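Some notes on the structure that comes next.
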Amino acid sequence: MPTIFYGDIMPQNNITIDGRELSTEMTDLKDMIKDPNVVAVRVDGELKDLSGPVNGGEVIETIRSDSQSGLEIIRHSTSHIMAEAVMALFPDARPTIGPSIEDGFYYDFDREDTFSVEDLERIEQKMDELIALDTLFERKIMNRQEAISYFQEKGEPYKVEILSKIDDEVVSLYQQGDFVDLCRGPHVPSTGYIKAFKLLSVAGAYWRGDERNKMLQRIYGTAFSNKKELKQYLNFLEEARKRDHRRLGRELELFMISDEVGPGMVIYMPKGGMLRTLLEDFEKKVHFKRGYDIVYGPSILRGKMWETSGHMDNYKENMYFTELEGQLYGIKPMNCLSHILIYKNKVRSYRDLPLRYFELGNVTRHEKSGVLHGLLRTRQFTQDDAHIFCRPDQLIDEVSAIIEMVEDVMAVFGFEYEMEVSTRPEKSIGSEEDWEMATKALMDALKGKDLPFDINEGDGAFYGPKIDVKIKDAIGRQWQCATIQCDFTLPARFDMNYIGSDGQKHRPVMLHRVILGSIERFIGVLIEHFAGAFPVWLSPVQAVVMNITDAQADYALRIAERLKEFDVRAEVDTRNEKIGFKIRESRLQKVPYMLIVGDKEKAEDIVTVRERNGNQQTATLDDFISMVKDAQPSV
RNA sequence: GCCAGCGUAGCUCAGUGGUAGAGCAGCUGAUUCGUAAUCAGCAGGUCGUCGGUUCAACCCCGACCGCUGGCUCCA
């Protein structure tokens, strides 16, 4: 097996490292840089090992372990060390791939027995040993054929499969200790560079992400430049766990998902019901103000409708069906069909367009059991759905208006977001010109508003391209909520027309769009975003009135009555408990205001207003009421 | 749907092959109190469901249901 060792040749010549010019007398970049926090270098924009050859004259930028690239390298190297540990402990495992990912890394193995939690501990221990040995990561170059026979001999079929799909003549391998892996690199110079890592979980994962392939075992872990950062990340995971909407949903009595009723179905309890109503009232206002008409369609529609729409061919596995009086009916997974019928109910003129139909539509989809997740993935959910029918020349303006609407609404909740345009997928219908026109319209609308966006090649809906909006919650996680989809298929399938100024029939363009997406999902994201402490206008209970002793019970009740008269959502706590206990309970319920009334307040006809953050002040009830009213967002 | 783990009181969790416990919540009583838990007593579970092994199963085995973390898919 002929190999070329990288880093053997170091001709004497000057190089520039982070702007400093140095001579290359020393044989190792690592020795020249003399910084244990530097894990790799970037030469001419390309990431390279510290042990790479230097010809002289290069301009080199060092990559520190706490930079984004540095973290990726550390994590990638940690995954190799983990694979080495796994192979040492479980020689029957076959390594496949092990990249760095967003917050860590994973490595997939094919193995008969499964990895247990105890195994993870053993692997971690072994990794500690390997790191203590501080073995070098050595890069080797091999031509592809040699590499294939090498891995064949080693009995690593997955590596052979990867190699057989690589076009390059030569490939690189990395070895540390006994472990050799096919890998582009770069890696840290030696295992001792790994200062802080943790294995997190085991999970199944399909080979090459295809569900027709064998399921492998994936071990997830993470690594950071130092122990402190790792600890911060683990704390962050803990924080996320505390914010879990399923946990808060139960604790705040917002919703339940009952095994008896069935999986993936949400039951709103009084406080969740109030939250949802507030959100929906807000949505109605937002839509009416922007020229939408509210409509309602039935939940079950004749099978024939779904045949015409193409759902029978493209969406059947996700639908539920029922039979009534010998007729097939489909339970709606989308709201568009009724809206189309409303459009078709009479002859439309070009002057009528655009028509914007809005529905808080409850849809039912048969989601695979394994994907259900609290409010974030359910089998029944309500979309703040709308369909806009317009002339082609109105398309950009309509898309722009929707984007503005998304911006306005997200600003109310304080979400940041990213936009993504998805283009034509392989399996799709419609002409090339239509796709081009629609995709361009979507992009032009975004460009016109100077909004940056990513392009997601081939990820559009089968009937048209789309803009997806991913919102970022308070702890940085992303959720897909809003989506704007262009559709020229359904108007054709349902033979929709309008009469143009020329007296001829023309086909309208249809936009499907949601702003919050699914009300359920959005509520789930809201819960986690605010950690249950909703803004005043969205809080199911805005204030709890609490008395110090029985002597003020009548006063507390009177206050609560007044609040209700002024539409402030108030509860009253006159239980025979200490004020500290009542405050504790309201805090746990994340109620924005506590109105504390003792003898003093009763005598002066005022209240002490205690906020969630502990700040407090005395105020007249009228002042407090206007304070609550002022919290209502205007959009 | 697939892989792995899990399922004990309303919640959080102990527990052992010989028919179950704690804290909080609940109920009752006492306490009338000024900013995150007053004290005492009481009550509460066919140990997810169904089958099997066993003299005996919450515990062992199997199937099913559900949940959790992933994968695939998705609002």
Side-chain angles (χ1 to χ4, degrees), chain A residues 106 108 111 113-117 119-120 200-220 241 244 246-247 250-251 253 256-264 315 317-318 333-335 361 363 365-385 459 461 466 468-471 479-483 485 512-522 524-525 546-553 574-589 594 596-601 608 610-612 614-616:
Chain A
Y106 66 78
D108 286 349
R111 179 173 174 243
D113 295 328
T114 57
F115 294 113
S116 65
V117 177
D119 290 339
L120 285 195
L200 298 171
S201 61
V202 197
Y206 299 109
W207 167 236
R208 292 184 164 268
D210 189 327
E211 65 181 330
R212 288 165 303 191
N213 287 342
K214 183 164 186 185
M215 180 150 286
L216 310 169
Q217 293 183 65
R218 173 170 297 179
I219 303 178
Y220 281 98
R241 202 180 65 81
D244 191 311
R246 294 164 298 187
R247 176 195 174 106
R250 185 173 53 234
E251 288 173 0
E253 296 183 10
M256 57 190 278
I257 292 172
S258 163
D259 180 1
E260 286 172 272
V261 166
Y315 209 74
E317 325 73 65
N318 286 296
M334 298 178 191
N335 304 301
V363 296
R365 299 180 183 176
H366 183 200
E367 301 291 347
K368 291 176 178 176
S369 60
V371 306
L372 302 176
H373 182 94
L375 295 180
L376 301 180
R377 196 76 184 270
T378 61
R379 283 187 173 149
Q380 247 189 17
F381 56 98
T382 305
Q383 294 180 304
D384 62 333
D385 205 0
D459 209 38
K466 59 176 180 171
D468 284 331
V469 182
K470 298 210 159 121
I471 64 176
W479 306 94
Q480 221 246 267
C481 292
T483 174
Q485 307 180 344
H512 305 244
R513 50 104 285 191
V514 289
I515 305 294
L516 305 183
S518 135
I519 303 291
E520 281 73 10
R521 175 175 287 182
F522 195 77
V525 176
M546 43 186 82
N547 55 332
I548 305 281
T549 70
D550 286 350
Q552 309 92 32
T574 52
R575 290 176 303 171
N576 176 13
E577 294 288 355
K578 289 185 171 176
I579 196 68
F581 182 82
K582 295 183 186 181
I583 288 171
R584 177 185 153 78
E585 292 212 332
S586 282
R587 287 203 55 145
L588 291 174
Q589 286 295 308
M594 294 170 223
I596 298 167
V597 294
D599 284 335
K600 199 183 84 188
E601 287 84 355
T608 293
R610 191 190 205 278
E611 296 173 41
R612 271 186 294 226
N615 291 348
Q616 62 179 37

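Lettering follows sequence order; numbering is per chain, from 1. Note that this is a predicted model, so its numbers are computed, not measured.
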**Prompt:** Centre of A:Y206's six-membered ring, under 6.0 Å away, within 45 degrees of the axis: is that where NZ or CZ of A:R208 sits?
**Reply:** no
**Sole residue of A:T382, A:L375, A:L516, A:L376 in side-chain contact (heavy atoms from CB on, under 4.5 Å) with A:R521** = A:L376
**Prompt:** Under the criterion side-chain contact (heavy atoms from CB on, under 4.5 Å), which of A:M256, A:E251, A:H373 is the partner of A:R246?
**Reply:** A:H373
Using a heavy-atom cut-off of 4.0 Å across all strands, would you classify [X] as base, sugar-phosphate, or nothing?
X      : result
A:Q616 : base
A:N318 : nothing
A:I596 : base
A:S586 : nothing
A:K600 : base
A:T378 : base
A:E601 : base
A:R365 : base

Atom pair distance, as rounded to whole Å: [atom1] in [X] and [atom2] in [N]:
X      : N      : atom1 : atom2 : value
A:R612 : B:rA36 : CZ    : C1'   : 16 Å
A:D599 : B:rG34 : CG    : P     : 10 Å
A:E317 : B:rC74 : CD    : P     : 11 Å
A:R250 : B:rC24 : CZ    : P     : 19 Å
A:R208 : B:rU72 : CZ    : P     : 14 Å
A:I583 : B:rU35 : CD1   : P     : 8 Å
A:D108 : B:rC2  : CG    : C1'   : 14 Å
A:I219 : B:rC3  : CD1   : P     : 18 Å

**Request:** Grab the two heavy atoms, one from A:P333 and one from A:V363, that are nearest each other, plus how far apart they are.
**Result:** O-CB, 3.4 Å
**Request:** Might you point out which heavy atoms bring A:M546 and A:S586 nearest each other, and give the distance in Å?
**Result:** CE-OG, 3.4 Å
Between [M] and [N] - [atom1] atom distance, rounded Å:
N      : M      : atom1 : result
B:rG62 : B:rU19 : C1'   : 23 Å
B:rA4  : B:rU72 : C1'   : 16 Å
B:rC60 : B:rC2  : P     : 24 Å
B:rA57 : B:rG51 : P     : 13 Å
B:rA22 : B:rA36 : P     : 30 Å
B:rG34 : B:rU8  : P     : 42 Å
B:rC61 : B:rG29 : P     : 49 Å
B:rA20 : B:rA37 : C1'   : 28 Å

[Y] and [X] side chains, donor-acceptor separation under 3.5 Å:
X      : Y      : answer
A:D468 : A:T483 : yes
A:D599 : A:Q552 : yes
A:T608 : A:E601 : yes

**Message:** For a quick check, with a 4.0 angstrom heavy-atom cut-off, what is the B/S/- contact string for nucleotides 60-70 of chain B, read 5' to 3'?
**Reply:** -----SSSSBB
**Request:** Could you encode protein contacts along nucleotides 37-51 of chain B as a string, one character per nucleotide from 5' to 3', using B for base contact, S for sugar-phosphate-only contact and - for no contact, with a heavy-atom cut-off of under 4.0 Å?
**Result:** BB-------------
**Asked** Please, what dot-bracket string fits RNA chain B when only Watson-Crick and G-U pairs with both distances under 3.5 Å count, crossing ones use [ ] and pairs to another strand use |?
**Response** (((((((..((((....[..)))).(((((.......))))).....(((((..]....))))))))))))....
With sequence neighbours excluded, residues passing side-chain contact (heavy atoms from CB on, under 4.5 Å) with [X]:
X      : value
A:R241 : A:E238, A:R247
A:D210 : A:R212, A:N213
A:E577 : A:R575, A:F581, A:K582

**Message:** Check this one for me: any side-chain N or O of A:R587 less than 4.0 Å away from OP1 or OP2 of B:rU35?
**Reply:** no
**Request:** Carefully, step by step, assess A:Q383 and A:N335 under the rule side chain to side chain donor-acceptor pair (under 3.5 Å).
**Result:** CA-CA 9 Å; A:Q383 294 180 304; A:N335 304 301; 3.2 Å; yes
**Message:** From the set B:rG34, B:rU12, B:rA75, return the single nucleotide nearest to any side-chain atom of A:E367.
**Reply:** B:rA75
**Item:** A:M215 and A:W207, any side-chain heavy atoms less than 4.5 Å apart
**Value:** no
**Prompt:** Do the non-hydrogen side-chain atoms of A:L120 and A:V202 ever get within less than 4.5 Å of each other?
**Reply:** yes
**Asked** Taking the nucleotide of RNA chain B with the closest heavy atom to each, which residue, A:E211 or A:F381, is nearer the 5' end?
**Response** A:E211
**Message:** Please compare A:R610 and A:G517 by the position of their nearest nucleotide in RNA chain B and report the one closer to 5'.
**Reply:** A:R610
**Polar side-chain contact A:R247-B:rC11 base: donor and acceptor under 3.5 Å** = no
